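First up is the structure itself, then whatever we jot down about it.
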Amino acid sequence: MTSSPSVPVSVAPNFITEIIGRDLASGKYPRVVTRFPPEPNGYLHLGHTFASFLDFQTAAQFDGRYHLRLDDTNPAGESQEFAEAIQDDLRWLGWDWGEKLYYASDNFERYYAYAVKLIELGKAYVDSVSGSEMARLRGSAFGVGTPSPYRGRSVAENLDLFARMRAGEFADGAHVLRAKIDLASTNMKLRDPVLYRIVRAHHYRQGDGWCIYPMYDFQHPLQDALEGVTHSLCSLEFVDNRAIYDWLMETLAFAPRPHQYEFGRRSLEYTVVSKRKLRRLVQGGHVSGWDDPRMPTLRAARRLGVRPQAIKAFASAIGVSRTNRTVDLAVYENAVRDDLNPTAPRVLAVIEPLAVTLSHLETRTLSLPYWPDDVVQASPDGLVALPGGERVKPEAAVRPVALSNTLYIERQDFSLTPPKGFKRLTLGGVVRLRGAGLIRADEVIYGESGEVTGLKATWLGEDSGGLKPAGVIHWVDAQSGLSAEFRLYDRLFRVPNPEGPNHDDSLPDFDPEQPGHEDAAQPASSDFLRFLNPESLKVTRGFVERSVAADPPGTRYQFERQGYFWPDPEDSRSDALVFNRIITLRDTWGKSEPALKGKTEPKSARAEPQKAEAPSLTPTQSAEVTRLRALGVAEAEAVVLARDSVLSAYFADTTRQAPQVAAWVVNELGAALRAGEVRLQVNDLPALADLLASGQISSRIAKDVLTESLESGEAPAGIVARRGLKVVSDTGELAAIIDRVLAANPGKLAEYKGGRTGLLGFFTGQVMRASGGQADPQAVGTLLKAKLDS
RNA sequence: UGGGGCAUCGUCCAAUGGCAGGACAUCGCUCUUUGGAAGCGACGAUCAUGGUUCGAAUCCAUGUGCCCCAGCCA
């Protein structure tokens, strides 16, 4: 294999790395520890790549540690085979978790002990209602839950029952252990979640040792804490579960404790990834197996020939955010091509052969370079790889290729009726054989039914007789070339979103972290099968140049003008070559389907201005608005104040400087007030407003001071006095600052003079910063404009 | 219906009150013994309506749209 000089892939800065950076800086944790926790009940797919990459790479970048955890707490569907396949795929991607391999099931005993502790704390109880009854009692969104008749059981009774649950005295489903949290919570997750259920199932690791199994919400936080995880990353649908996570950590008093952070999922166009749909594809014979190269599994990508570096580059490219998104397939394809372009040596293969007999040619052996000039030139060490991986001087990176008077060219490279712009061979036309001189097509040989079966051509060497070759085509010598099978893979589905209601749209439908958990009660829809691409696999027979026979088995090539290929690891043999097409070359000429993606809709068409109606007020609120208006408070702020009990309680009976104070309370302090984080006294605000009104400070200074006193609680006017803040509007002083800023940014200045007037904001910001926020922004504005335009 | 999450070019991600930027895609040009690669350029967005501010993608309010939760799955 070639050693790739490719760029290191990394997670771009995001909201999670920001949090980690803060936690590390504050010393909250000495080092970061993350984990990737797949359940071993299926194969890893492209979607998992993103989650595992985020978990592992983030830790690696912070010089932390990452764990692989098999989250095997539900025996149904889990197996050692899956557990091993997951590890295998992850190792293939290049991850190394060292000793840090965990099986959740190894800790069943410890979970049990924590459950007992919860019971002893009076925070958990054994419930004995049926599943449907429990659902009924939990209530629905608009009502509160009703306590089960068993909620009040004594600690002793709970302990006894729970022990007997474990001992196998009860039938499946007869009892459950529940947390005692809050049946009235608006967060349904908190309405006494189930912690343990009785299931008599054989566990692939624990055998029949247990007949009770812990639930995710109980087990996962514990396992994180037990492993010493610091940042537990999961996808967005677990936000509600975080409340249980925190409750458990606090109730059981773990310190230091892990925290859960959620990220948005990423799905990929043209891909289904639901486990049951994938199984349908396999069982229905639509694909050859879980590693059929068209499948979205990692095993399939691996068999297809995609390199792990490409998968990681893709994961790196799609970014992290708090929104579920569907990524353009082109991003994935680009990652695959980008990885292969500098790493796959070029050779020649003809996929759909057309025989050509050459005249005026003496058989010879050519020496052809494996790499085009641009790859050679881009090489950092000046060397390029041989197929075996050895890096050599460019002139040594060549292979012998025989050329005799019979050869094959691509059937598509000859046309009797060439379309406009056709740059290949036509009757009487001249074309260049890649690396082997020019030929002219003289005669067409037809078969019985009139089809073209061959050509007769003249080899011209470099002497075209003044004719300009139409283009360059690839070829394989018929005498020495090796017969091969080519498997031309394409996307499995015809539409971007085979499982959503709008097939042409994109819709996420997988959890990037967990191999499969759909509603088992719903029948799997087979609707998506309608969108199978009938041309997702095309098999042809053709020829490849003999040199490949000497190369190591796993060599990836670019078959020039065709795409990237490698021998199928399962089916290819030295005497019966089978090549998989990993991906085509980009083709800007054919521009077949992508052009008719048809999703460009002018935005203006859908954007109809909507009017936001004023909220309706209760009589009390109206009265409050009237009172505030009388104090001079602006309408908008009065309404907000009147409707928000926290804000109005804070504002209270303020009358002096009421309009300004109200504006600050609403616009600046609102969020902090509601979060209960404000130490600043409302009584201290009018004094600050006085300073503003008298022109001693600017509103910018006022705002800065406000944020500072928000936390410290120090009176803002006091801060102003202590720090000697005052608005700088002295023209001379400001002009000096402006001159300094302009001198420091000559490039920007030139751009501004060149017409980029938007830069005015940039300069204003710089001047404000240079003055420590004390410059009078209005004065700066006029002065700056005068200077810039002079 | 209750709670929660989210909203920036066609797509994905940035901009942490001061230049709306990058990548992919698309289109054009240059170069090319791959209709590849590379280089250059173009196109193209802050969900809406108000408010605060000298200045808002960012702060405040209201509205709209999408997603998640009411498994003894994870």
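Side-chain atoms are counted along with the backbone in the values below, which use heavy atoms only and exclude waters and symmetry mates. Just so we're on the same page: letters track the sequence lines, and every chain starts at 1. These figures come from a predicted structure and were not determined experimentally.
If you check every strand for non-hydrogen atoms under 4.0 Å, A/Arg136 touches nothing. Within 4.0 Å (heavy atoms only), A/Arg138 reaches sugar-phosphate atoms of the nucleic acid but no base atom. Within the nucleic acid shown, A/Arg424 comes within 4.0 Å of at least one base atom, counting heavy atoms only. If you check every strand for non-hydrogen atoms under 4.0 Å, A/Glu560 touches a base. Counting non-hydrogen atoms under 4.0 angstrom, A/Asp217 reaches nothing in the nucleic acid. The residue A/Met134 sits close to a base: some heavy atom pair falls under 4.0 Å. When heavy atoms are screened at a 4.0 angstrom cut-off, A/Gly421 is found touching base atoms of the nucleic acid.
Within 3.5 Å, no donor on the side chain of A/Glu637 pairs with an acceptor on the base of B/U52, nor the reverse. You won't find any donor-acceptor pair under 3.5 Å spanning the side chain of A/Asp587 and the base of B/G36, going by distance alone. Under 3.5 Å, the side chain of A/Gln558 and the base of B/U34 form at least one donor-acceptor pair of N or O atoms.
Under the 30°/60° scheme for interplanar angles, the aromatic rings of A/His220 and A/Tyr216 are found to be tilted.
In this structure a side-chain-to-backbone donor-acceptor pair under 3.5 Å is present from A/Asp192 to A/Ile181. A donor-acceptor contact shorter than 3.5 Å is absent between the side chain of A/Asp776 and the backbone of A/Val728.
Here the separation of B/U33 from B/A15, taken at their P atoms, is 44 Å to the nearest Å. Nucleotides B/C43 and B/A20 are separated by 16 Å at their P atoms, to the nearest Å. A gap of 10 Å separates the P atoms of B/C59 and B/A7, to the nearest Å. Spacing of P atoms, B/U53 relative to B/U46, comes out at 25 Å, to the nearest Å. Comparing B/G2 with B/G63, their P atoms are spaced 12 Å from each other, to the whole Å. If you take atom C1' in B/C47 and the same atom in B/A42, they sit 27 Å apart, rounded to whole Å. Between B/C67 and B/C73, the distance separating the two P atoms is 26 Å to the nearest Å.
Closest contact between the side chain of A/Arg346 and the listed nucleotides B/C60, B/G18, B/G36 involves B/G36. Minimum atom distance to the side chain of A/Asn334 is reached by B/C24, of the listed B/A37, B/C24, B/G35. For A/Ala330, the listed nucleotide lying nearest its side chain is B/A25; candidates were B/U34, B/A25, B/C69. For A/Asp338, the listed nucleotide lying nearest its side chain is B/A38; candidates were B/A38, B/A25, B/C72. Between B/C60, B/U34, B/C54, one nucleotide has an atom nearer to the side chain of A/Leu585 than all others, and that is B/U34. The A/Met215 side chain lies nearest to B/C72 when the options are B/C72, B/C60, B/G18. Picking from B/C73, B/A14, B/A37 the nucleotide with the shortest atom distance to the side chain of A/Arg197 gives B/C73.
Using a 90° window around 0 for the glycosidic torsion, B/G5 falls outside it and is classed as anti.
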Self-check item: Per-nucleotide protein contact string for nucleotides 2-7 of chain B, where B marks a base within reach and S marks sugar-phosphate only (heavy atoms under 4.0 Å, - for neither)
Solution: BBSSSS

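Ring centers of A/Phe162 and A/Tyr196: under 6.0 Å apart, within the cut-off. Residues A/Phe263 and A/Phe50 bring their aromatic ring centres within 6.0 Å.
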